[in-house]
Amino acid sequence: MRSAPTILHLDMDAFYAAAEQAAKPSLRGKAVVVGGLGPRGVVATASYEARRFGVHSAMPTAQARRLAPNAAYLVPRFSLYRSVSEQVMELLGRLSPLVEPLSLDEAFVDLEAGGTAHDAVTARATGERLRADIRAVTGLSGSVGLAGSKMLAKIASEQAKPDGLVLIEPGTERDLLGPLTVRTLPGVGPATGEHLRRAGMTTVSDLAEAGEDELVRLLGRAHGAALFRMALGHDDRPVVAERDAKSVSVEDTFDVDLHDRVRVRTEVDRLAERCVQRLRAGGHSGRTIVLKVRRYDFSTLTRSETLRGPTDDPAVVREAAGRLLESVDTTGGVRLLGVGVTGLADYTQEDLFAQAAAALAEPAAEAPGEGPEPRPAAGTEGPAAEPAAPDGPEPPAERHWSAGQDVLHAELGPGWVQGSGVGRVTVRFEVPGSAPGRVRTFRVDDEALRPAEPLPLVGAPAEDAGGTGGAAPAEEARGTGSAALAEGRD
């Protein structure tokens, strides 16, 4: 424990949802839910307006829709969130060389190591300046906690939400922690919390009064002793600037169980490609390929294969994942697939190039019925294509537009998808910093409309909104047909 509150914890407020509200002027002050939109989707983040209805992260999207039917439900745009996160982390890096990111929107900072704070007064000034800088650079708000330990700094930032700053003076830890629930402490999840409740301990003060011996008896030596120290406010964990990744993985849950073996293999190939992209983005390679399969009955199977050395070659990872799939029975249907790489290293094994060459030399696809395991060409997205009709190629597949997706119209400029269905897509044309824009509906295959990259939240020119002329009339905003996305009314 430090004698000054020089450990800072930053937590951006409802990060994904707040970024969407900043990017889409018509959603400011409205209930916004970001996450998977399918029947099995899960909420990633809900705006504070949506939380008033009881919506929270990790909740099934179907349940969220029942609680807040008029909220805007959007798919995540991770490229935007990553770019904003990089801006925030750069600001934190100016305060200290010791910055420990926990996620895209959360990090610890050792202000003492950076010489930016040495007591409560300078720590508070630094925290307030950071909050102002974040708002100026990103347009978003973050909550700051300051304390003499990581545990207390995180508790302080939770108390500061939303858009606030809380400083815990050293020496006041016991009084602050006492009335809080035991779930406040790190490492106390639902199971441990219930176990402690049955023993008559519901607050942190209950843990401190029970004593170390009793907690060790209930939870074991390591967990019980650590929990007793935290109940007394003791936490000596340092801020660690470098956190080595142990694995890289991606997974998808499907709205409808997959039964077609060819489609399952296609999805595994696609996940392998995405996994390698993340692997390379982190400057890593890995030697153990892991396949995760959750079947129709929720049983989850994991298979792994260790290569002769680390690789970041997509063909090698794809082929290894395919071999693992051959050992899994998917007859009843598959609801989730995942591909991961463990045993990470910062280099690749030269002799694996031969494996990659051999994999690329194989036929890209086999005709149906000619082999035991038909497989699509490398990089193919979605279900395997059916053979072309003898009289000509089949018509192109219908374009798919997701709610919240960025688009660009050849004449109207940038906008975002409010919703789509029955062959139509509804787009609102507005940009960060503009007035709420007008709404237009197009055919899903309109050649003038194409996907686009997110615009920056700060500095996007309002005139790029395609001359929409500011706010749309209420009648036009509501009369866009079944494809329009319902907006929250808070």
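Using modelled atom types, one side-chain atom of Ser420 and one backbone atom of Trp401 make a donor-acceptor pair closer than 3.5 Å. At least one donor-acceptor pair closer than 3.5 Å links the side chain of Arg280 to the backbone N or O of Asp312. Without hydrogens or angle criteria, Thr116 side chain to Leu111 main chain gives a donor-acceptor distance under 3.5 Å. The backbone N or O of Ala225 lies less than 3.5 Å from no partner atom in the side chain of Glu212, so there is not a single donor-acceptor pair.
Side-chain contact between Val341 and Cys275 is present, with at least one heavy-atom pair separated by less than 4.5 Å. Residues Met151 and Met230 form a side-chain contact, since some pair of their non-hydrogen atoms from C-beta on lies under 4.5 Å apart. Looking at heavy atoms from C-beta onward, Pro179 lies out of side-chain contact with Ser205 at the 4.5 angstrom threshold. Counting heavy atoms from C-beta on, the side chains of Arg261 and Leu325 come closer than 4.5 Å. When side chains are defined from C-beta on, Val276 does not count as touching Asp313, because their heavy atoms never get closer than 4.5 Å. In this structure, the side chains of Thr61 and Tyr73 come closer than 4.5 Å at one or more pairs of heavy atoms. Here the side chains of Glu106 and His9 are in contact, with some heavy-atom distance below 4.5 Å. Between Arg335 and Arg40, the closest side-chain pair of non-hydrogen atoms falls below 4.5 Å.
In this structure, OG on Ser83 lies 7.0 Å from CG on Leu457, to the nearest 0.5 angstrom. To the nearest 0.5 Å, the span separating CG on Leu102 from NZ on Lys154 amounts to 6.5 Å. Here the OG1-CG distance, from Thr184 to Leu177, works out to 8.0 Å after rounding to the nearest 0.5 Å. The CG atom of Asp257 lies 11.0 Å from the OG1 atom of Thr330; values are rounded to the nearest 0.5 Å. Atoms NE2 and OG1, from His118 and Thr126 in turn, are 9.5 Å apart once rounded to the nearest 0.5 Å. Taking CG of Leu74 as the start and OG of Ser402 as the end, the distance is 10.5 Å to the nearest 0.5 Å.
Taking all atoms of both residues into account, the shortest heavy-atom contact from Met201 to Ala210 is CE-CB, 3.5 Å. When every heavy atom of Thr45 is checked against every heavy atom of Ala17, the shortest pair comes out as CG2-N, 3.9 Å. Between Leu140 and Ala18, the shortest heavy-atom contact is CD2-O, 3.6 Å. Val33 and Ala50 make their closest contact through CG2-CB, 4.0 Å (heavy atoms, listed as atom of the first residue, atom of the second, distance). Shortest non-hydrogen contact noted between Gly178 and Thr203 is O-CB, 3.5 Å. In terms of heavy atoms, Val407 sits closest to Ala452 at C-CB, 3.7 Å.
Screening residues 10-19 for salt bridge (charged side-chain N to carboxylate O under 4.0 Å, His left out) gives Asp11-Lys161, Asp13-Lys161 as the qualifying pairs, with residues at least two apart or on separate chains. Applying the salt bridge (charged side-chain N to carboxylate O under 4.0 Å, His left out) test to pairs two or more places apart or on separate chains, none has a residue in residues 164-182. Every pair passing side-chain hydrogen bond (donor to acceptor under 3.5 Å, both in side chains) that includes a residue from residues 213-227 is listed here, sequence neighbours excluded: Glu214-Arg217. Legend: salt bridge (charged side-chain N to carboxylate O under 4.0 Å, His left out) pairs involving residues 292-303, not counting sequence neighbours, sorted by first then second residue: Glu251-Lys292. Residue pairs meeting the salt bridge (charged side-chain N to carboxylate O under 4.0 Å, His left out) criterion with at least one partner in residues 198-211, sequence neighbours excluded, are Glu194-Arg198. Residue pairs meeting the ring-ring contact (aromatic ring centres under 6.0 Å, His included) criterion with at least one member in residues 292-314, sequence neighbours excluded, do not occur.
Looking at residues two or more places apart in sequence or on another chain, you find a ring-ring contact (aromatic ring centres under 6.0 Å, His included) between Tyr81 and Tyr16, Phe78. In this view, Glu20 and Lys24, Arg77 satisfy the salt bridge (Lys or Arg N to Asp or Glu O under 4.0 Å) rule, not counting sequence neighbours. Partners of Ser85 under the side-chain hydrogen bond (donor to acceptor under 3.5 Å, both in side chains) rule, at least two apart in sequence or in another chain, do not exist in this structure. Residues meeting the salt bridge (Lys or Arg N to Asp or Glu O under 4.0 Å) test with Asp163, sequence neighbours left out: Arg131, Arg135. Glu86 is linked by a salt bridge (Lys or Arg N to Asp or Glu O under 4.0 Å) to nothing, counting only residues two or more places apart in sequence or in another chain. Among residues two or more places apart in sequence or in another chain, the salt bridge (Lys or Arg N to Asp or Glu O under 4.0 Å) test is passed with Asp236 by Arg229.
Look at Asp252 and Arg274 and you find a salt bridge, because one of the NZ, NE, NH1 or NH2 atoms lies within 4.0 Å of a carboxylate O, short of that distance. Arg270 and Glu267 are joined by a salt bridge, as a carboxylate oxygen and a charged side-chain nitrogen come within less than 4.0 angstrom of each other. Looking at Arg323 and Glu319, no side-chain N of the basic residue comes within less than 4.0 Å of a carboxylate O on the acidic one, giving no salt bridge.
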Note to self: Between Arg287 and Thr311, is the side-chain hydrogen bond (donor to acceptor under 3.5 Å, both in side chains) condition met? List the steps.
What the structure shows: CA-CA 6 Å; Arg287 62 177 299 166; Thr311 183; over 6 Å; no

Stepwise side chain to side chain contact (heavy atoms under 4.5 Å, CB included) test for Leu337 and Phe254: CA-CA 8 Å; Leu337 289 169; Phe254 306 102; 3.8 Å; yes

Determine whether Arg2 and Asp110 satisfy the following criterion, salt bridge (charged side-chain N to carboxylate O under 4.0 Å, His left out), listing intermediate values before the conclusion. CA-CA 11 Å; Arg2 298 186 178 184; Asp110 187 335; 2.6 Å; yes

Could you please spell out the steps behind the side chain to side chain contact (heavy atoms under 4.5 Å, CB included) verdict for Ile7 and Leu146?
-> CA-CA 6 Å; Ile7 292 183; Leu146 293 157; over 6 Å; no

| Steps toward side chain to side chain contact (heavy atoms under 4.5 Å, CB included) verdict (Gln159, Leu176) | CA-CA 11 Å; Gln159 294 184 343; Leu176 171 79; 3.7 Å; yes

inquiry  = Run the side chain to side chain contact (heavy atoms under 4.5 Å, CB included) test on Leu180 and Ile155 for me, step by step, so that the C-alpha distance in whole Å, both residues' side-chain angles and the decisive distance to 0.1 Å come before the verdict.
reply    = CA-CA 10 Å; Leu180 300 180; Ile155 291 173; 4.1 Å; yes

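Within a 6.0 Å sphere centred on CD of Gln63, heavy atoms belonging to other residues, nucleotides or ligands number more than 12.
Judged by distance alone, the side chains of Thr288 and Thr306 do bring a donor and an acceptor atom under 3.5 Å apart. Under the 3.5 Å distance criterion, with hydrogens and angles disregarded, no donor-acceptor pair is assigned to the side chains of Ser247 and Ser249. Under 3.5 Å, the side chains of Thr122 and Asp119 contain a donor-acceptor pair of N or O atoms. Arg51 and Ser47 are not linked by any side-chain donor-acceptor pair at a separation below 3.5 angstrom, with hydrogens and angles left out of the test.
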